[in-house]
Amino acid sequence: EINYLYQLSLEAETRKLVSEHKYGLSISLTGIQKHPAGRTILFESLHRFGFDRKHVAEIWDSLPGRVGSHFYSKDYLIWVQRKDLVITPINLQTEEKILVTDFGSYQTGSGVLKVDRIPASKIPGKESRVKLFLPLDEYSFPFCLRNWEKGDFFYPEGMKKESGAPMKKKISDYLTDTKQEPIEKQNQKLLEHGDQCLWLIGKRKDARLPKKRASDVSFIRFTWKPD
């Protein structure tokens, strides 16, 4: 009976501190640190995800200052945010690969890519990280919308060698250098044409894309709307 009552009490206290998150679960950092049984609740919350007492000790000792730190079990990832710990499956990233064959909307697990046609005169002068414009006289369907993979690279616009030539960059290195959150990193999408990455979606386009825009040419407009 004592064990039963202990378990009921523990579950009740855990429910106060654990909530759903768009990537899995989150644990309130303020709540867990102020709770007199915080370390025990943390262990009970995490051990079912494959984190043992050593993991929990490392996570506990990292609080509260190591924002951005992350910890792994076999199947799960924890990363430290300012207000909470987020627990998510490592395999959240799918082998998502969508062939963009025509104008329309393409739904993914993390957002929608809308593809339409626009005259050059309607293209805004200001660049946007969630829009890409490609001239129809140089590009044609199909395109490929997919998750990035190990070994992928592109030439980020604005990054140059000392010679002034575009700089080749592994996408994995770019995402690390720009301090992307682990989950954002593993779910990052790119737009590909043939074997060329045109756009790291929502981040930066490839420097090798055409710079001049003829006024009499129509363009394909790609618009990314994240969930």
Side-chain angles (χ1 to χ4, degrees), residues 21-24 68 79 81-82 86 88 92-160 166-215 217-227:
H21 187 276
K22 65 178 180 179
Y23 294 128
W79 91 89
Q81 296 190 316
R82 286 183 174 81
V86 177
T88 188
L92 183 65
Q93 176 177 341
T94 63
E95 296 300 323
E96 203 164 35
K97 189 174 288 189
I98 298 172
L99 201 61
V100 178
T101 58
D102 205 344
F103 301 108
S105 294
Y106 296 83
Q107 179 71 55
T108 77
S110 55
V112 178
L113 184 70
K114 182 181 178 182
V115 187
D116 59 2
R117 184 172 182 152
I118 185 173
S121 60
K122 297 292 184 180
I123 297 177
K126 188 177 180 180
E127 293 284 344
S128 169
R129 293 190 176 189
V130 295
K131 294 182 186 291
L132 178 71
F133 302 92
L134 296 176
L136 269 167
D137 63 340
E138 295 187 46
Y139 291 90
S140 59
F141 296 102
F143 299 87
C144 183
L145 170 63
R146 65 174 176 84
N147 287 35
W148 73 278
E149 300 170 355
K150 185 177 180 180
D152 285 336
F153 66 89
F154 74 138
Y155 292 78
E157 187 176 57
M159 291 189 178
K160 297 181 179 181
M167 178 184 292
K168 182 178 179 180
K169 188 87 171 174
K170 286 185 178 179
I171 289 177
S172 59
D173 292 341
Y174 177 85
L175 295 173
T176 298
D177 293 347
T178 53
K179 296 180 170 58
Q180 303 301 310
E181 295 281 13
I183 301 304
E184 304 296 336
K185 181 176 179 179
Q186 74 174 18
N187 285 288
Q188 177 64 52
K189 300 286 188 295
L190 61 82
L191 186 70
E192 192 174 50
H193 190 253
D195 59 358
Q196 181 184 354
C197 173
L198 305 176
W199 184 29
L200 195 60
I201 294 178
K203 301 293 188 298
R204 198 173 292 208
K205 63 183 182 181
D206 193 275
R208 298 168 294 174
L209 296 180
K211 298 293 189 292
K212 294 182 179 180
R213 295 175 176 172
S215 59
V217 173
S218 291
F219 282 73
I220 307 172
R221 176 173 60 185
F222 299 88
T223 304
W224 175 249
K225 295 184 178 181
D227 288 342

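Everything numeric in this text was worked out from a predicted model, so none of it was measured.
- Within a 6.0 Å radius of NZ in Lys150, no more than 12 heavy atoms belonging to other residues, nucleotides or ligands are found.
- Aromatic ring centres of Phe103 and Phe141: separated by under 6.0 Å.
- Few gaps surround CZ on Arg208; more than 12 heavy atoms of other groups in view lie less than 6.0 Å from it.
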Stepwise side-chain contact (heavy atoms from CB on, under 4.5 Å) check, Trp224 with Leu191 = CA-CA 11 Å; Trp224 175 249; Leu191 186 70; over 6 Å; no
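- Taken from CG in Asn147 to CD1 in Ile171, the straight-line distance is 11.0 Å, to the nearest 0.5 Å.
- Taking all atoms of both residues into account, the shortest heavy-atom contact from Tyr106 to Ile98 is CD2-CG2, 3.8 Å.
- Rounding to the nearest 0.5 Å places CG of Leu190 at 8.0 Å from CG of Leu145.
- Checking side-chain atoms of Asp173 against main-chain N and O of Lys170 turns up no donor-acceptor pair under 3.5 Å.
- In terms of heavy atoms, Phe154 sits closest to Lys205 at CE1-O, 4.3 Å.
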Check the pair Leu175, Leu200 against side-chain contact (heavy atoms from CB on, under 4.5 Å), reporting the backbone distance first and the verdict last.
-> CA-CA 10 Å; Leu175 295 173; Leu200 195 60; 4.1 Å; yes
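- Interatomic distance, Ile201 CD1 to Arg146 CZ, rounded to the nearest 0.5 Å: 10.5 Å.
- Atoms CD and CZ, on Glu157 and Arg204 in that order, are 8.0 Å from each other to the nearest 0.5 Å.
- Two residues are said to be in side-chain contact when any heavy atoms from C-beta on lie closer than 4.5 Å; Cys197 and Trp148 fail this criterion.
- Residues Pro210 and Phe133 have side chains not in contact (no heavy-atom distance under 4.5 Å, counting atoms from C-beta outward).
- Scanning all heavy atoms of the two residues, the minimum distance from Ser105 to Lys114 falls at OG-CG, 4.0 Å.
- Remark: Lys169 is not positioned above the aromatic ring of Tyr174, lacking an NZ or CZ atom under 6.0 angstrom from the ring centre and at most 45 degrees off the axis.
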For side-chain contact (heavy atoms from CB on, under 4.5 Å), just list the numbers for Asp227 and Gln107, CA-CA rounded to whole Å, side-chain angles, deciding distance to a tenth of an Å, and then say yes or no.
-> CA-CA 10 Å; Asp227 288 342; Gln107 179 71 55; 4.0 Å; yes
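- Atom NZ of residue Lys131 and atom NZ of residue Lys225 lie 7.5 Å apart, to the nearest 0.5 angstrom.
- For the pair Leu198 and Leu134, the tightest heavy-atom approach, listed with the atom from each and the gap, is CD1-CD1, 3.7 Å.
- When side chains are defined from C-beta on, Lys97 does not count as touching Glu192, because their heavy atoms never get closer than 4.5 Å.
- Using a 3.5 Å distance cut-off with no hydrogens or angles, the side chains of Lys203 and Thr178 do not pair a donor with an acceptor.
- Residues Val100 and Val115 come closest through the heavy atom pair CG1-CG2, 4.0 Å.
- The structure places CZ of Phe222 at 9.5 Å from CG of Asp116, a figure rounded to the nearest 0.5 Å.
- Between Tyr139 and His193 the shortest heavy-atom distance is CD2-ND1, 3.8 Å.
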